[in-house]
There are 2 protein chains.
Amino acid sequence: MTTYDVYAKNCPTRLVLDRLADKWALLVLNRLREEPVRFNQLRRDIEGVSQKVLTQTLRNLERDGLIRRQIFPTVPVTVEYSLTPLGQTLTRTVAALAHWAEENIDAVLTAQQTFDASRASHAHLR
Amino acid sequence: MTTYDVYAKNCPTRLVLDRLADKWALLVLNRLREEPVRFNQLRRDIEGVSQKVLTQTLRNLERDGLIRRQIFPTVPVTVEYSLTPLGQTLTRTVAALAHWAEENIDAVLTAQQTFDASRASHAHLR
DNA sequence: CAGGATCCCGAATGATACTG
DNA sequence: CAGTATCATTCGGGATCCTG
């Protein structure tokens, strides 16, 4: 049994990778890692996400079996999102990504400035 | 020193996370993990990426200091991309993501089928 | 070989209004 | 509260042609 060719179009692993390569999905997973959260709470916590896009993101994650959608018949209705066991195994890796980002943000910002500066120096047009 | 609020718009960590939340970037980083690769080789290895998008992806990664672009004055010119030390620290995490995807692809596909089936059952319109 | 420059279309997103 | 539905809009990405 050989390992998948991750770079091939038809590779199922790329389906998963494509889904994870979504900034909102990563942020949602990271947020749910702490605790179950309700829809509007998520909407408020994750700045900049629209209601429509948040809904789509949640549906996709639910479809992938990563999060669970639980409805409580209160008035008005309450909907709570939480990680499934499968989702929990994933968030360990997602958390590592977030952790890397926090630790290396300075190095990245510095690199960006250096890059931009060198481009500006030999910008001729305009 | 408190930790960043990862969910706030202005959080620099989200800049990094947004950049990483790119399927082509993840695939490129994962590919460069093995060895330095030339432009057209990358284009061939990563199925489905257009020349334009690959160029953009590489520029962004270079700007972030994650990969290095090396030009060899051959005829015609040769351009080789490789990971920087910073990029190498990141690819360990990226590899973990890819690894998770490979290990859990079956669970995800099964979840998708279950989800789709339950939706189809109570689809009334059309 | 490794891109830059253009044209262009469809998918993704935002805004708005409505509902169980 | 937690969405769905619709419309208007943009803009990322593909296709194509060109160049150092």
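Within every chain, numbering begins at 1; the chains are lettered A, B, ... in the order of the sequence lines, protein sequences first and strands thereafter. Hydrogens, waters and symmetry mates play no part in the numbers below; they use all other heavy atoms, side chains included.
Counting non-hydrogen atoms under 4.0 angstrom, Tyr81(B) reaches the backbone sugars and phosphates but no base.
Between the CD1 atom in Ile46(B) and the CD atom in Gln41(B) there is a gap of 10.5 Å [rounded to 0.5 Å].
Partner of Ile67(A) under the side-chain contact (heavy atoms from CB on, under 4.5 Å) criterion, out of Thr57(A), Asn60(A), Leu83(A): Leu83(A) alone.
As a whole-Å value, the separation of Glu80(A) CD from dA2(D) C1' is 14 Å. Going from atom CD of Gln56(A) over to atom C1' of dT4(D) covers 12 Å, rounded to whole Å. In this structure, CZ of Arg119(A) is placed 7 Å from P of dG4(C), rounded to the nearest angstrom. Atom CG in Asp22(A) sits roughly 13 Å away from atom C1' in dT13(C) (whole-Å rounding). Distance Leu54(B) CG to dG14(D) P: 11 Å, rounded to the nearest Å.
Using a 4.0 Å cutoff on non-hydrogen atoms, no part of residues 59-71 of chain B comes near DNA chain D. If you check residues 35-46 of chain B against DNA chain C, the residues with a heavy atom closer than 4.0 Å are Arg38(B), Phe39(B), Asn40(B), listed by number.
Among residues two or more places apart in sequence or in another chain, the salt bridge (Lys or Arg N to Asp or Glu O under 4.0 Å) test is passed with Arg43(B) by none. Residues passing the side-chain hydrogen bond (donor to acceptor under 3.5 Å, both in side chains) test with Thr110(B), sequence neighbours excluded: none. By the salt bridge (Lys or Arg N to Asp or Glu O under 4.0 Å) test, Asp22(A) pairs with no residue at all, sequence neighbours left out. Remark: Glu103(A) engages His99(A) in a side chain to side chain contact (heavy atoms under 4.5 Å, CB included) (not counting sequence neighbours). Residues that satisfy the side chain to side chain contact (heavy atoms under 4.5 Å, CB included) test with Glu47(B), not counting sequence neighbours, are Ala8(A), Lys9(A), Arg14(A). Under the salt bridge (Lys or Arg N to Asp or Glu O under 4.0 Å) criterion, Arg63(B) pairs with Asp116(A), sequence neighbours left out. In terms of the salt bridge (Lys or Arg N to Asp or Glu O under 4.0 Å) criterion, residue partners of Arg19(A) (sequence neighbours excluded) are, by chain and number, Asp64(A).
The salt bridge (Lys or Arg N to Asp or Glu O under 4.0 Å) contacts involving residues 66-93 of chain B comprise nothing, where partners must be two or more places apart or lie in separate chains.
No side-chain heavy atom of Val79(B) sits less than 4.5 Å from a side-chain heavy atom of Phe72(B).
A donor-acceptor pair under 3.5 Å is formed between the side chain of Thr84(A) and the backbone N or O of Gly65(A). A donor-acceptor contact shorter than 3.5 Å is absent between the side chain of Thr91(A) and the backbone of Val94(A).
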Exercise. Tell me, for nucleotides 14-20 of chain C in 5' to 3' order, what letter each nucleotide earns: B for a base near a protein heavy atom under 4.0 Å, S for only sugar-phosphate near one, - for neither?
Worked result: BB----B

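Terminal axes of the helix from dC1(C)-dG20(D) to dG20(C)-dC1(D) (five pairs each, C1' rotation axis) are separated by 60°, to the nearest 10°.
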